[in-house]
Structure formats: C-alpha cells, structure tokens
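Just so we're clear, the structure is a prediction, and the values are computed from it rather than from any experiment. Sequence lines set the chain letters: A, B, ... in the order given, protein chains first and strands last, and positions in each chain run from 1.
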2 protein chains.
Amino acid sequence: MTDTSSTHHVLIVEDDEVTRARIAAYFESENYRVSQSEDGEGINRLIAESAIDVVMLDINLPGKDGLQLARELSEKTDVGIILVSARSDEIDRIIGLEIGADDYVTKPFNPRELLARVKNLIRRKQSDQSRHQNQRSKSFSGWTLDLSRRCLSSNTQDKLSLTRGEFELLVTFLEHPGKTLHREWLMEKVTHRVWSPNERTIDVLVLRLRNKIEQDSHAPQIILTVHGEGYLFASEVL
Amino acid sequence: MTDTSSTHHVLIVEDDEVTRARIAAYFESENYRVSQSEDGEGINRLIAESAIDVVMLDINLPGKDGLQLARELSEKTDVGIILVSARSDEIDRIIGLEIGADDYVTKPFNPRELLARVKNLIRRKQSDQSRHQNQRSKSFSGWTLDLSRRCLSSNTQDKLSLTRGEFELLVTFLEHPGKTLHREWLMEKVTHRVWSPNERTIDVLVLRLRNKIEQDSHAPQIILTVHGEGYLFASEVL
DNA sequence: ACAGAATGTTAATAGTTGTTAACCAAATGA
DNA sequence: TCATTTGGTTAACAACTATTAACATTCTGT
C-alpha cells in the first residue's frame, strides 16, 4: 500500500521570516515535508486536516499566545509539539504549567539539535503507536474488536464481520478516541487518498460502520458527528 | 521453500544513479537477481508482489523518508532490510534497528562489505526458515499439518490429504501468518509463475483450501480476504 | 495410452466500495 | 423569527473485486 505520507510532515510556526526559512530549508534538505505559518492563524485547521507529525511552535507570536495554542493542540489533536522560546525562564514556566508539549528548545538553537529532537519525538510517537498496534484486541462500549481476526464480537450479540474499509476506519477511530477527526485526515489514513471537498466517501463509511455498531444508528452514541469539523469517537477504549 | 530461481533476489533503493549501477553490477556479477529503484516510490508494491529477499535501502531518499519506508516494510512484509546511510549518526542507527531493519551500513562502503552483509542476512533468514521447516508439523486452530507426510490431521475429524498446490499454499500462509499476502506474491511462491491481472488461480486454490480447513467456508475464520489487497492467514501458528 | 486426479480457465453470481443526488438538520443573517 | 445557506445523512446505483461452480486442460502412475 503506497502511503501518501511516507515522508514525515513538520509544521514550523515562527514569526521571524529569516529564522523560519532557515529551519524550513534545513528540514527540507533532510527530506521532510515542511509547512510554515508566520502566526498561529489557521494552524488548528491545518493540523487537523493534513497529517502533520510535529509542530515546532514559537511561543512569542504576534497576536496569539503560543502557550494557549499549544494547550489547544494537545487537547484536540495527537500532534507532537516542540515549543521554541527566546528566554529560558519562560521555559521554566511552561514546564510548570504542564501544557501538553512534548519537548522544548531555547533560542538560539542549532538546527541539528532541533532536528534531533524532532526525530526523537517522531520515534517516541511511533513506538507508542506500535504498542497500540501490537495489542490483540480493543474494547469499547460492549464491543471487542479482534485486530488479528478483523472481526467484532460482543457479549450480547453474535460475531460480526467488518469489510476492509470499515475495519480500517474503526481502527483509526480506536487509535484516536476523544479527538475530532476531520474527513481529510480520515481519508488519508483509511483509503490513502486525498479528500476533495464534497466527497462523501468517509460519510458513507461512517454510516455503514454505525449501522453495525450503534444501537440506534439515527442517534449515534459511539461515533458522533461534529458539525463542520468531522467525526469523534466518543467511547472509552480499553 | 525453493525459490523460483536458485539465485536470490535483491532490491537496491538508491537515488544516486552511479552508486546504484555500481552496486547492481557487482551483485549481478555475483549471480544475484537485481531490481532497482531510484526513490521509494512503488517499492511497497514491488516487494509485496515479487518475492524479494533483501532490500538495500538508502535512508536519504529524495521526497521519501527511508526510515518510514523501512518501518512500513517490516510491518507489512517479511523482507530482509539493510539500511544504507551517509552519516554515522547514532540516532539513525538506533532508530533504524528499532524500526525493524536487520542490518546497517554507512557510506562510503565497500561493495564487498555490503555483499557480505546481504549474504549474512540471507543466511540468517534461511536458518530461521529452516528451523520452521525442520519442524515436523505446524498447528493452527485445531489443525496440525504434517510437513513430511503433507497431510492434515485434527482431533475432531479424520486425516485429510492435500494436493500439492493446497499444501504449498498452506505452507506459504503458515510461514507468514498475520501478513496480507498479495496474489502476485502467492503466485510466485506457490506456482512459480507470474500473476497476470484477472487471473483467478490463487482465488480458486484458496477456495479449495478453505473448503478443507474452514468450518464454514462461506464465513472463513482462518484465511481471510482483504478486499483489494490479497489474503491474510489470521490464526496463530505454533 | 488410459483413468483418475490435480490444476487452470471461464463466466455467472455475490459482495464491497465509491459516487451521486435527494433529503434533512444545523448554523447564519437579515 | 424565518429564510437562506451550509453541511450531514442516506438510499440507490455504478464500478470494481472476490467467490464459486462447471468445464477444460495437464499431469501422474500404471
């Protein structure tokens, strides 16, 4: 299966254009897919939609508070966050605030150091992920998904088989419970294609999955719709 | 299992054409079957489809990340992976080996060294395999396959004989449980021919095997279909 | 060369996935 | 508030992919 994103995708949020371009060029030369933003504007959306692995976030942004942004991101997404700050005392404050960032760097920094931290973070995230994947099964609201047999079982009902698409979608939800997942992102994860506006592929897949797992698929309890955003897996996963 | 040809099949993934041609020529002179790719594009597919023994994978590929590629390969296939890196960066080394690569070479390297490592890896893989093969039998979901007598027995039912094709197919599945095997690949392993689209040979063989080993061949539990991909042996093998 | 078995091929059937469009619900703005 | 717009749901269908029975061919042992 050819992945859209075999390259890791990083986002640089930094208001100083020179610094930004320098970091971007460095990461591009290391074969990263690089996105940039000069302020925090719109990065929520960008991250939710385009499978970004790590954000390098400058704290001192014009207008927006970088810390607030970091908090939002760590609440709403599973993206890796590396905070960049000009002052080391500020970093102390951040650590105290337990904001959800995964790592931090103080200016001035060596691009190599930043790269090393990014690599390290990606590796940490991936080994978390593969620990997830190595589980035999996952349970949620009465159902148990058998990952090796690709089927669902429940205590109340019979075993249920899932189609490939339904299985992939459900696995994706189970890996990110409690986060709103956008169509763009789901499309990339499930079908390895990019989503184009007005496409209903994901909606139909959600419909079919709901018909199988929801008690009343017209009043879904497990996979919720977030209007204008995407879908949200609302059950606890064990 | 005897390969199509007595020669081993290696894949060189390297963007520098001169280096690639040099390595290729060297391996060809040593009677290897050599495939080449200048970027990671499509090698997933190539490996899934054409019985490659070892991939030599340059980490610094244009556009694609060799490490990510290595991870995908080691998750989805049982191919041997040797990473080639321009830098002796310790991080790369650690990540590489953690990610599922089998060996590691730094540039500049002597082709003889690379050859030695490839030979070594093939030997390791073969001794793993022959440990497999030296087993008298393999068991899975109630069945025991007697490898020397080429027959199946179970506690509940009578002994069952398998045809050559069914036996080869089953052995192939038993050697790669939990991996989705493509028709192309199965075709090469089982019948030693190449698969052409719309051919149903493998499907029919799977059908016949299912009829013998599945409780309900219309709702298979052991050999699963992965729509658009291939077949997957879903039982645990001991 | 023959019988019988194994294997390969074909085509009708069944199932999965993607697309469309009609319909319904939520947000928006006079 | 109601009309309008935007976004979500869903059935129906089209395109694609897998299953399977029946038949054709090849292989094997005598």
Side-chain angles (χ1 to χ4, degrees), chain A residues 1 45 48-49 150-152 160-170 172 180-184 186-214 216-232 234, chain B residues 49 150-152 160-172 180-184 186-214 216-232 234:
Chain A
M1 182 178 318
R45 184 137 219 114
E49 288 172 4
R150 302 181 149 234
C151 68
L152 270 173
L160 204 72
S161 71
L162 295 174
T163 69
R164 183 184 55 96
E166 291 159 4
F167 176 76
E168 302 265 8
L169 179 65
L170 182 54
T172 307
T180 299
L181 307 177
H182 293 227
R183 283 174 181 73
E184 292 87 333
L186 287 167
M187 196 73 180
E188 232 180 289
K189 291 283 171 190
V190 173
T191 68
H192 310 287
R193 300 184 300 155
V194 290
W195 183 82
S196 33
N198 303 324
E199 227 186 315
R200 298 278 79 126
T201 307
I202 290 298
D203 306 46
V204 174
L205 217 43
V206 166
L207 167 77
R208 286 168 181 163
L209 190 51
R210 276 176 175 162
N211 285 333
K212 291 195 176 176
I213 66 174
E214 298 278 1
D216 174 7
S217 70
H218 295 273
Q221 302 285 304
I222 303 171
I223 302 174
L224 307 184
T225 304
V226 183
H227 194 101
E229 296 270 302
Y231 295 97
L232 167 70
Chain B
E49 290 171 4
R150 302 188 150 227
C151 69
L152 271 172
L160 204 72
S161 71
L162 294 175
T163 70
R164 185 189 56 89
E166 290 159 4
F167 176 76
E168 301 266 7
L169 179 64
L170 181 54
V171 168
T172 307
T180 300
L181 307 177
H182 295 225
R183 283 173 180 73
E184 292 87 332
L186 287 167
M187 195 73 180
E188 239 187 272
K189 289 283 172 190
V190 174
T191 68
H192 311 288
R193 300 184 300 155
V194 290
W195 182 82
S196 34
N198 304 323
E199 227 187 314
R200 299 280 75 130
T201 309
I202 291 297
D203 306 45
V204 174
L205 216 43
V206 166
L207 169 76
R208 287 168 181 163
L209 190 51
R210 276 177 177 163
N211 284 333
K212 292 194 176 177
I213 66 174
E214 297 277 2
D216 174 7
S217 70
H218 295 274
Q221 301 285 303
I222 303 171
I223 302 174
L224 306 185
T225 304
V226 184
H227 193 103
E229 298 266 303
Y231 295 97
L232 167 70

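- Between A/Tyr231 and D/dT9 there is a side-chain N or O to OP1 or OP2 distance below 4.0 Å.
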Worked check of side-chain hydrogen bond (donor to acceptor under 3.5 Å, both in side chains) between B/Thr180 and A/Arg164
CA-CA 12 Å; B/Thr180 300; A/Arg164 183 184 55 96; over 6 Å; no
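- Computed from coordinates, the A/Leu232 CG to D/dG8 C1' distance equals 16 Å when rounded to whole Å.
- Rounding to whole angstrom units, CD1 of residue B/Ile223 and C1' of D/dT19 are separated by 14 Å.
- In this structure, the CD atom of B/Glu214 is 15 Å from the C1' atom of D/dA18, given to the nearest Å.
- Between B/Leu169 and B/Leu186, the shortest heavy-atom contact is CD1-CD2, 4.0 Å.
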Whether each nucleotide of nucleotides 7-18 of chain C has a protein heavy atom under 4.0 Å at its base (B), only at its sugar-phosphate (S) or at neither (-) is summarised, 5' to 3', as BBBBB---BSBB
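- B/Arg210 and B/Ile223 get closest at one heavy-atom pair: NH2-O, 2.9 Å.
- At whole-Å resolution of the value, CG in A/Leu207 and P in D/dA11 are 7 Å apart.
- The two residues A/Met187 and A/Glu199 make their nearest non-hydrogen contact at CE-OE2, 3.2 Å.
- Between the CG atom of B/Leu209 and the C1' atom of D/dA18 there is a distance of 16 Å, given to the nearest Å.
- No option in A/Arg150, A/Lys212, A/Arg208 other than A/Lys212 meets the side-chain hydrogen bond (donor to acceptor under 3.5 Å, both in side chains) test with A/Glu166.
- Rounded to an integer number of Å, the gap from CG of A/Leu224 to P of D/dT9 is 10 Å.
- Contact annotation: A/Thr225 does not reach the phosphate of D/dG7 (side-chain N/O to OP1 or OP2, under 4.0 Å).
- Heavy-atom minimum distance, B/Leu205 versus B/Gly165: CD2-O, 3.9 Å.
- Rounded to a whole Å, the CG atom of B/Asp203 is 16 Å from the C1' atom of D/dA22.
- Atom CZ of B/Arg210 is separated from atom C1' of D/dT19 by 8 Å (rounded to the nearest Å).
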